[in-house]
Amino acid sequence: MTQPSPILELRDVTKRFVRPLDLAAKIANLFGAGLKSETVHAVDHVSLGVSDGEVVGLVGESGCGKSTLGRIVAGIHRPTTGERLWRGTAIDALPPSEQRAVELKVQMIFQDPMSSLNPRLRVSDIVGEAPVVHGVVPAAERDAYVGELLQRVGLDAAFRRRYPHQFSGGQRARIGIARALAVKPEFLVCDEAVAALDVSIQAQVLNLFMDLRRDLGLTYLFISHDLGVVEHLSDRVIIMYLGRFVEIAPTEELFRAPNHPYTKALLAEVPRLDARKRDFAPVKGEIPSPLNPPPGCHFHPRCPRATARCRAEVPALKEIAPGRWAACHLNDAR
Amino acid sequence: MTPNRPTLVVEGLRTHFFTKAGVLKAVDDVSFAVSRGRVLGLVGESGSGKTVTGFSLIGLVDPPGRVVGGSVLFKGEELVGAPEQRLRALRGNRVAMIFQDPMMTLNPVLRIDTQMIEAVQAHDPKVDRETARARARDALGRVGIPSPDERLKAYPHQFSGGMRQRVAIAIALLNHPDLVIADEPTTALDVTIQGQILYEVQKLCRDTGAALIWITHDLSVIAGLADEVCVMYAGRVVESGSVGDVLDRPLHPYTVGLIGSVPSRNRRGQKLAQIPGMTPSLLNLAPGCPFRARCARADQACAEPPPETRPVPGRTLRCFHPQSAHPGTGRAA
Ligand SMILES: Nc1ncnc2c1ncn2[C@@H]1O[C@H](COP(=O)(O)OP(=O)(O)OP(=O)(O)O)[C@@H](O)[C@H]1O
Ligand SMILES: Nc1ncnc2c1ncn2[C@@H]1O[C@H](COP(=O)(O)OP(=O)(O)OP(=O)(O)O)[C@@H](O)[C@H]1O
Ligand code: SF4
Ligand code: SF4
Ligand SMILES: [Mg+2]
Ligand SMILES: [Mg+2]
């Protein structure tokens with residue numbers, strides 16, 4: 001199974017954040033505490049290629065680096081090291097005008113539809129400003145264009161005169177989507193885009209994403225901690241743990257036969273409608289702090305199959321079957 | 001499972017908020033019961049009245065809200081209208097509440113041991129400090145906190161979110177309550193941590209025989225944890241029954257829609273069976289079935305409020321035109 005050439009690619013990308021000392025720590029230092037600022041490896045040497053029209057799901061627990069990775073893909077964060085490519089060309093190598101064109105092709109949709117919409121602007125400005133500024137539509141056609149977009153996402157075109165607070169959560173999510181679509185992107189990064197919504201409203205928005213994919217040929221990176229949502233939408237799923245990819249697989253295969261012990265644990269814990277009055281048998285241990293991750297395999301303190309090697313050596317992400325990748329030493333023994 | 005009287009019997013509970021904009025019927029004629037060692041799931045979307053129901057049971061509703069009717073019998077004792085002093089004595093003792101935010105239970109400026117010893121001694125002043133401390137240590141161990149002796153000396157901010165929630169649960173269960181009301185305590189937590197907490201809570205209720213009310217918007221959690229379920233919509237229980245019956249053979253169009261919108265219930269990549277429209281505002285809600293603007297089966301009859309019926313033993317329903325009750329109807333018509 002050879003992948004078609006990717007529309008967007010990350011090559012060996014790392015993102016580090018330096019967390020400066022807070023006031024208490026600075027004061028402690030005056031008394032000789034010797035505290036240093038801390039570095040978080042939010043994303044730690046990951047590579048990723050997304051094909052045209054593909055939906056890639058990204059799953060992992062809080063703080064594992066999903067949003068950071070999403071922002072890098074969307075061009076909001078620059079990676080500390082590594083490269084980002086659009087249709088085979090390194091974006092940094094492009095002339096500035098072309099870089100801007102590429103940035104418009106990748107749009108991000110955020111979790112909280114309220115805080116990402118400016119409360120003082122009317123919907124017509126929220127949705128219509130960027131396409132006019134970037135010359136996607138002439139200013140004179142703005143209103144008609146916004147009306148069209150609102151209908152596209154299932155809202156009444158007359159809503160363009162209103163302000164964000166006049167909408168329900170589900171409607172605000174749709175406005176956020178209309179805003180992203182306004183600059184005619186080819187690639188959407190959805191970061192927990194339905195997490196704040198009620199189940200019945202969530203279903204409406206997920207259906208909209210599927211319609212848009214079909215009608216506009218969009219490509220998605222779909223970030224969610226909800227495995228059910230990711231399973232439903234994605235062609236391929238990436239499981240992330242503390243900044244690293246631990247498993248990548250086509251969706252059906254991942255859910256049928258997970259390889260990595262963390263993936264297995266995660267799938268076992270997902271509450272399911274058809275799993276009645278079950279005995280919960282949890283993964284032990286806390287999610288470790290990304291400030292001070294365990295050495296070797298980050299998962300080893302919680303892994304039922306960890307060995308001495310796991311504590312010392314980082315397992316490489318290896319192709320274990322065509323199109324399937326996992327980072328676990330157990331795969332070497334087979 | 002002795003056929004004793006249930007631990008809690010709620011009958012026709014009504015809690016209204018008297019706001020400047022009008023009367024908001026947050027809880028409108030809600031009835032259910034939960035017995036020793038059993039888990040009742042209270043499920044519904046945002047604003048359906050789950051939290052206010054939980055608060056109403058133990059006198060935690062503040063003005064402009066007021067319990068305006070109904071009865072809450074806790075082991076035979078009427079709690080609606082009971083003196084605040086009596087309710088306070090029951091809370092944190094015979095009845096425990098676990099909140100979504102554990103800091104509702106924990107005091108940020110006190111060490112964990114101080115808080116737990118206080119909780120034990122408030123319940124039973126005769127217990128000395130050392131015994132109370134030992135009880136606290138055991139309680140932390142039981143909810144899966146490693147090295148509880150050291151952890152007792154920590155402050156809440158030194159714990160992760162999941163650990164804090166476990167400490168809050170340990171405190172809630174310290175005095176072996178007869179009834180635990182848990183309001184979305186795992187909603188903010190990761191799947192593996194949620195799994196750990198569900199495991200502890202399940203075990204503790206099994207071991208101590210506490211009756212548990214688990215409030216959530218997540219039907220899948222209810223499926224795995226609860227014995228009975230009440231589906232709430234717009235302040236009312238629109239359908240209730242055993243988890244198996246309600247999830248496999250839903251009768252109310254809203255329950256049918258809710259189950260249909262869960263992604264894992266659908267073929268991968270297929271359109272989800274969505275419910276059109278959105279939940280109505282409870283403020284000055286028009287009479288009649290509150291679901292009718294979104295309901296494919298609605299007709300003129302639904303302009304009247306549907307009464308609570310018992311279509312089959314063990315089920316309650318509020319709908320004039322329920323889905324027929326044969327298997328394989330877990331989808332919207
Ligand atoms: N701007 C920043 N400055 C410093 N640290 C950051 C910054 N953004 C993220 N981090 C840290 O990087 C790590 C990864 O964060 P990120 O938000 O990518 O996680 P996430 O997987 O999206 O988590 P969640 O599921 O909670 O949204 C965390 O430890 C976080 O604290
Ligand atoms: N103090 C208050 N004043 C006025 N209205 C209130 C108050 N508290 C709650 N309400 C209203 O009561 C209704 C029920 O709220 P409740 O918090 O019980 O919902 P819920 O089902 O717990 O929702 P969620 O899933 O969002 O927690 C809502 O319409 C809410 O706006
Ligand atoms: S490398 Fe070792 S610790 Fe890591 S997942 Fe595999 S077996 Fe477990
Ligand atoms: S009473 Fe009428 S409107 Fe309400 S759920 Fe039943 S059929 Fe639908
Ligand atoms: Mg995030
Ligand atoms: Mg609530």
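Quick note: numbers below take in every heavy atom, side chains included, and nothing from hydrogens, waters or symmetry partners. Since we're looking at a predicted model, the values are computed, not measured.
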- Task: Name the option with the most non-hydrogen atom pairs under 4.5 Å to chain A; the candidates are B:I222, B:V39, B:I193, B:T279.
- Result: B:I193

- Message: Among B:G277, B:G224, B:G47, which residue has the highest count of heavy-atom pairs closer than 4.5 Å to chain A?
- Response: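 Highest number of pairs under 4.5 Å: B:G224.
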
- Query: Is it the backbone or the side chain of B:E45 that comes under 4.5 Å from a heavy atom of chain A, or both, or neither?
  - Reply: both

- Message: Just to verify, which of B:L140, B:I112, B:V143 counts as forming a side chain to side chain contact (heavy atoms under 4.5 Å, CB included) with B:P148?
- Response: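 Option passing the side chain to side chain contact (heavy atoms under 4.5 Å, CB included) with B:P148: B:L140.
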
- Just jot down the salt bridge (Lys or Arg N to Asp or Glu O under 4.0 Å) partners of A:D235, sequence neighbours excluded, or say none. A:R213

Report yes if the side chains of [X] and [Y] come closer than 4.5 Å at any heavy-atom pair, otherwise no.
X: A:R236; Y: A:E54; result: yes
X: B:L40; Y: B:F32; result: yes
X: A:C310; Y: A:C303; result: no

- Message: Could you check whether atom CZ of B:R268 has more than 12 heavy atoms from other residues, nucleotides or ligands sitting under 6.0 Å from it?
- Response: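 More than 12 within 6.0 Å, yes.
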
- Item | Under 4.5 Å from any heavy atom of chain B - which part of A:T251 |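 Just the side chain, heavy atoms under 4.5 Å.
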
- Measure distances from A:D211 to the heavy atoms of chain B and classify the residue's part below 4.5 Å as side chain, backbone, both or neither.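 Side chain only.
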
- Task: Spell out the residues in residues 225-235 of chain B that have some non-hydrogen atom less than 4.5 Å away from a non-hydrogen atom of chain A, in order of number; otherwise answer 'none'.
- Result: B:L225, B:A226, B:D227

- Neighbourhood of chain B inside residues 57-67 of chain A, taking heavy atoms under 4.5 Å as contact: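 Against chain B, the residues of residues 57-67 of chain A that fall inside the cut-off (heavy atoms, under 4.5 Å) are A:E61, A:S62.
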
What donor-acceptor contacts under 3.5 angstrom involve side-chain atoms of residues 209-216 of chain B, with partners at least two apart or in another chain?
from	atom 1	to	atom 2	distance (Å)
B:T216	OG1	B:D218	N	2.8

- Taking the six-membered ring of A:F167, is NZ or CZ of A:R162 closer than 6.0 Å to its centre and within 45° of its axis? yes

- Task: Could you tell me if the ring centre of A:F209 sits under 6.0 Å from that of A:Y220?
- Result: yes

- Query: Is it true that A:R324 and A:E252 have a side-chain N and a carboxylate O under 4.0 angstrom from each other?
  - Reply: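 Salt bridge flag = no for A:E252 with A:R324.
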
- Item | Carboxylate-amine/guanidinium proximity below 4.0 Å for B:E239 and B:R318 |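 Looking at B:R318 together with B:E239, the answer is no, because their closest N to O distance does not fall below 4.0 Å.
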
- Query: Do B:R151 and B:Q158 have side-chain N/O donor and acceptor atoms under 3.5 Å apart?
  - Reply: no

